[in-house]
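Note that ligands are numbered from 1 as they come in the structure, with each ligand's atoms numbered from 1 the same way. Predicted model only: the values in this text are computed from it and were never measured.
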Amino acid sequence: MLSAILLITGAFVAWWSFNFISGLRHNIARAKSTGLPYYVVPVNPSNNIAQALGFIWIPIWKLLVPKKYWEEIVDVCENNWQHRKKFAPFAKMGENILIATPTSITLHTASPDVIHDITSRRDDFPKPLEYYGILAMFGRNIVTIEGALWRMHRKIISPSFNEKNSALVFRAAIDQAQGMTDHWLRTQENGTFKTVEHDTMSMALNIISYAGFGLRLSWPGQSLPDDADSKIARYASFEPPEGHTMTFSQSIGGLLHHLLPLLLTPKLILNHFPLQVFKEAKDARDNYDLYMQEFLQQKIQDVRRGDRGVGMDLMGSLVATSYQDKQAGSKAGIQLDDSEIIGNAFIMFLAGHETTANVMHFTMLELANNPAAQRRLQQDIDTILGRDSDPATWNYEEKVGVMQGSMLGAVMNETLRVLPPVVEVPKKSTPTKEQTIMIDGVRRTLPANTYLGLCVTGCQRNPRAWPARPSKITGAPDDLNDWVPERWFRPSLSEDEKQSDVPESEDFGGYAGPDTSASMFRPVQGSFIPFSEGPRSCIGRRLAIVEVLAALAYIFQKYSIENAVDDWASNDEVARMDQGQKETLYKKAVQRSRGVIETCETRITLKLHNGQFVPLSLVKRGEERFVDWFDS
Ligand code: HEM
């Protein structure tokens with residue numbers, strides 16, 4: 001028996017070693033063929049499991065191999081390196097870093113030219129679909145497919161992303177920002193609230209649920225409007241409706257929270273192994289699945305009756321393509337099956353909510369840390385919208401362009417630059433054909449199946465693309481790691497390097513205009529890619545931009561946001577302090593906030609994890625204690 005076990009183990013080790021060595025030799029030869037400098041790493045660091053187990057294999061690697069082989073490249077192997085190391089690895093090793101491992105070769109790039117070239121050539125550099133398995137959990141969808149099938153999904157979905165619906169999102173964002181600030185005023189203790197991350201997630205979920213799906217979700221204490229459809233009230237309920245063990249929002253929140261166990265654990269184990277985290281993950285998945293099945297059936301009935309849903313009615317449009325066209329003899333030749341309809345709905349909830357919430361969240365934290373920027377933001381809001389105007393009267397068509405070109409646009413852009421929700425956009429060269437591309441002025445050939453990481457955090461700090469000034473915060477020679485919204489009012493590099501406004505020659509649907517205002521600093525192509533670029537860029541970016549602008553305008557027209565200081569001094573103690581003491585106190589709070597922000601990491605998107613939060617204070621304008629005079 002023992003000898004059989006030893007034999008099997010020995011055979012396995014021999015097989016594994018053979019694969020390891022032959023895979024590595026093969027990939028080193030592929031890396032060499034590009035003519036680019038390359039680094040050899042024993043494990044593919046982009047792999048999810050390798051990232052989770054980095055604390056084991058990286059120290060072993062460092063122990064077994066001489067320092068000169070790992071000391072530079074190890075920075076690009078650690079989990080969350082894109083946010084933690086920023087542009088530093090590219091400053092050291094060049095804008096393009098090629099890694100050979102036993103299973104892959106990967107080129108990480110922070111070069112605007114290379115990024116622009118890759119994103120413009122969709123057919124030559126498709127998405128590595130193997131990275132997107134988790135997002136197909138409820139059915140394949142626009143994010144998890146390529147080629148003709150992707151085109152079909154995009155064609156069905158994109159008409160809903162129009163300016164009429166952007167106006168609806170603008171309105172919904174104002175209503176929801178009101179719900180959120182009222183909630184903070186009701187729940188603040190000693191003027192402090194600690195739930196900004198959770199609440200911005202709720203706000204963004206409520207907005208996409210209403211504008212995208214006609215589902216009205218509200219804040220505790222808010223009642224549904226009289227015209228709300230009784231069929232959809234169950235989705236807004238604060239108690240689980242019949243047949244469910246959690247509310248609709250809890251099911252989505254739980255899904256997002258447990259995406260990793262859902263991805264990594266085989267279904268059989270997840271469903272039956274008695275571990276609390278598995279139980280929570282399974283409950284969230286099952287509840288969400290049931291909600292969506294119910295919603296689908298309801299939409300099928302609506303479509304058959306010819307009822308149009310509210311706003312974008314994404315589910316209704318998806319259902320219509322299949323169920324309406326089936327009746328009409330499939331005139332468009334496009335049909336999605338039920339799992340694809342539910343899969344696409346899932347992706348809209350997911351992509352449309354966590355990303356935008358992070359931008360809102362971090363922008364508020366940064367504004368509390370940068371009072372001068374907050375004051376300038378409020379001045380711009382007063383000028384554009386009026387200090388005492390009623391937000392219900394703000395007109396989308398008239399105001400949105402000016403808002404985007406003001407400090408509102410600048411603070412949003414700067415958060416997207418420094419803390420982008422997606423830190424690296426993955427692509428690869430076609431599986432069967434090598435691709436040529438200009439890198440550092442030399443034409444290079446990338447072998448078939450080369451993985452590409454378009455490093456968002458890197459290119460958005462590349463000094464070649466971003467004019468910089470010395471850092472006021474750290475004293476560093478440049479301020480590219482700092483959140484400085486005023487940079488968006490600096491002159492652009494040069495006329496001909498400006499971002500192109502020329503639409504794609506082929507229309508892939510969705511918003512085709514630029515992401516930043518023409519009156520501001522215009523990043524060179526490939527250097528500002530929070531929404532990616534080219535045909536496969538974010539379909540929801542206009543909605544996200546409009547949502548953030550409207551919500552920030554509502555909040556900062558009426559209120560200021562300060563860092564909470566109650567961990568160091570009571571309200572009475574602050575009231576007795578002189579200016580110098582207040583300054584020392586607020587600096588402490590800013591320092592703490594910056595420290596917490598630095599801990600953010602990517603699971604699905606870049607955000608705070610592990611219970612980290614920054615306590616804040618919402619104060620009526622005119623009642624500030626710090627941000628009306630403090631300068632960081
Ligand atoms: C600040 C907010 C947002 C950011 C930073 C963002 C970022 C991105 C990025 C980087 C991609 C490309 C991903 C890749 O190639 O792997 C993407 C794609 C996508 N986003 Fe967004 N997104 C945001 C908001 C939204 C919203 C509000 C929606 C929908 C309501 C949305 C829906 C999508 C979809 C459907 C795709 C896939 C498009 C395709 O493959 O054709 N996103 N987004």
Side-chain angles (χ1 to χ4, degrees), residues 82 115 118-119 122 125-132 134-136 140-147 149-158 160-162 165-166 168-169 172-173 200-201 203-205 207-213 311-312 314-315 318 343-363 412-413 415-428 452-457 459-460 504 508-511 515 528-549 551-552 602 604-607:
Q82 292 90 343
I115 290 174
I118 291 171
T119 53
R122 191 184 69 80
F125 298 106
K127 287 174 100 157
L129 297 184
E130 53 277 29
Y131 284 9
Y132 291 83
I134 179 84
L135 300 181
R140 64 181 181 192
N141 58 67
I142 184 169
V143 175
T144 65
I145 50 180
E146 257 299 343
L149 196 59
W150 166 76
R151 241 172 237 268
M152 176 181 100
H153 281 234
R154 182 115 179 172
K155 200 168 167 185
I156 294 171
I157 291 168
S158 57
S160 301
F161 288 81
N162 55 36
N165 287 325
S166 297
L168 185 77
V169 166
T200 45
M201 289 280 277
M203 181 178 89
L205 177 63
I207 294 170
I208 188 64
S209 299
Y210 176 60
F213 297 89
M312 300 169 79
L314 284 166
M315 192 78 145
L318 297 169
N344 275 302
F346 169 65
I347 233 41
M348 293 303 157
F349 277 119
L350 178 75
H353 132 238
E354 181 162 309
T355 46
T356 320
N358 298 350
V359 178
M360 289 293 309
H361 173 204
F362 287 129
T363 304
M412 175 184 67
N413 290 348
T415 303
L416 284 166
R417 188 187 70 83
V418 178
L419 294 158
V422 178
V423 294
E424 189 165 90
V425 176
K427 302 273 180 197
K428 71 178 189 183
L452 300 155
L454 315 185
C455 188
V456 182
T457 46
C459 72
Q460 297 188 163
E504 304 288 341
F508 292 96
Y511 175 71
D515 294 332
F528 184 59
I529 56 162
F531 300 105
S532 189
E533 264 190 5
R536 280 216 79 159
S537 62
C538 176
I539 202 170
R541 64 196 202 275
R542 179 70 175 165
L543 293 195
I545 289 171
V546 166
E547 176 174 336
V548 173
L549 292 175
L552 289 178
T602 291
I604 297 296
T605 59
L606 185 71
K607 62 188 294 222

Quiz item: With no hydrogens and no angle check, is any side-chain donor or acceptor of N344 less than 3.5 Å from a backbone partner on I142?
Solution: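 Yes; judged by distance alone, with no hydrogens or angles, the pair exists.
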
Please examine the side chains of [Y] and [X], heavy atoms only from C-beta on, and report whether any two atoms are closer than 4.5 Å.
| X | Y | answer |
| --- | --- | --- |
| R542 | V546 | yes |
| P421 | T602 | no |
| Q82 | L606 | no |
| V359 | E547 | no |

Can you list the ligand 1 atoms lying under 4.0 Å from a non-hydrogen atom of [X]?
| X | value |
| --- | --- |
| M348 | 35 (C) |
| P530 | 5 (C), 7 (C), 10 (C) |
| S532 | 10 (C), 12 (C) |
| W150 | 39 (C), 40 (O), 41 (O) |
| I142 | 35 (C), 39 (C), 40 (O), 41 (O) |
| V359 | 1 (C) |
| Y132 | 14 (C), 15 (O), 16 (O) |
| I208 | 30 (C) |

Roughly how far, to the nearest 0.5 Å, is [atom2] of [Y] from [atom1] of [X]?
| X | Y | atom1 | atom2 | value |
| --- | --- | --- | --- | --- |
| I157 | N141 | CD1 | CG | 7.5 Å |
| E146 | L129 | CD | CG | 5.5 Å |
| E424 | S532 | CD | OG | 11.5 Å |
| H361 | K607 | NE2 | NZ | 9.0 Å |

Self-check item: For atom 38 (C) of ligand 1, the option (of R154, M312, K127) bearing the nearest heavy atom
Solution: R154

Quiz item: Can you tell me which residue and heavy atom of the protein come closest to atom 36 (C) of ligand 1, and the distance to 0.1 Å?
Solution: V143 CG2, 4.0 Å

Self-check item: Closest protein heavy atom to atom 40 (O) of ligand 1, given as residue, atom name and distance to 0.1 Å
Solution: R536 NH2, 2.9 Å

Exercise. Just grab all the side chain to side chain donor-acceptor pair (under 3.5 Å) pairs involving residues 347-356, residues at least two apart or on different chains.
Key: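 The answer is E354-T605.
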
Quiz item: Can you check side chain to side chain contact (heavy atoms under 4.5 Å, CB included) on F531 and I545, steps first, answer last?
Solution: CA-CA 11 Å; F531 300 105; I545 289 171; 4.1 Å; yes

Self-check item: N-O pairing of E130 and K428 below 4.0 Å
Solution: yes

Quiz item: Which atoms of the protein, restricted to N, O or S, are nearer than 2.8 Å to atom 21 (Fe) of ligand 1?
Solution: C538 SG

Quiz item: So is P421 in contact with ligand 1, going by heavy-atom distances below 4.0 Å?
Solution: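 The answer is yes, since P421 has a heavy atom less than 4.0 Å from ligand 1.
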
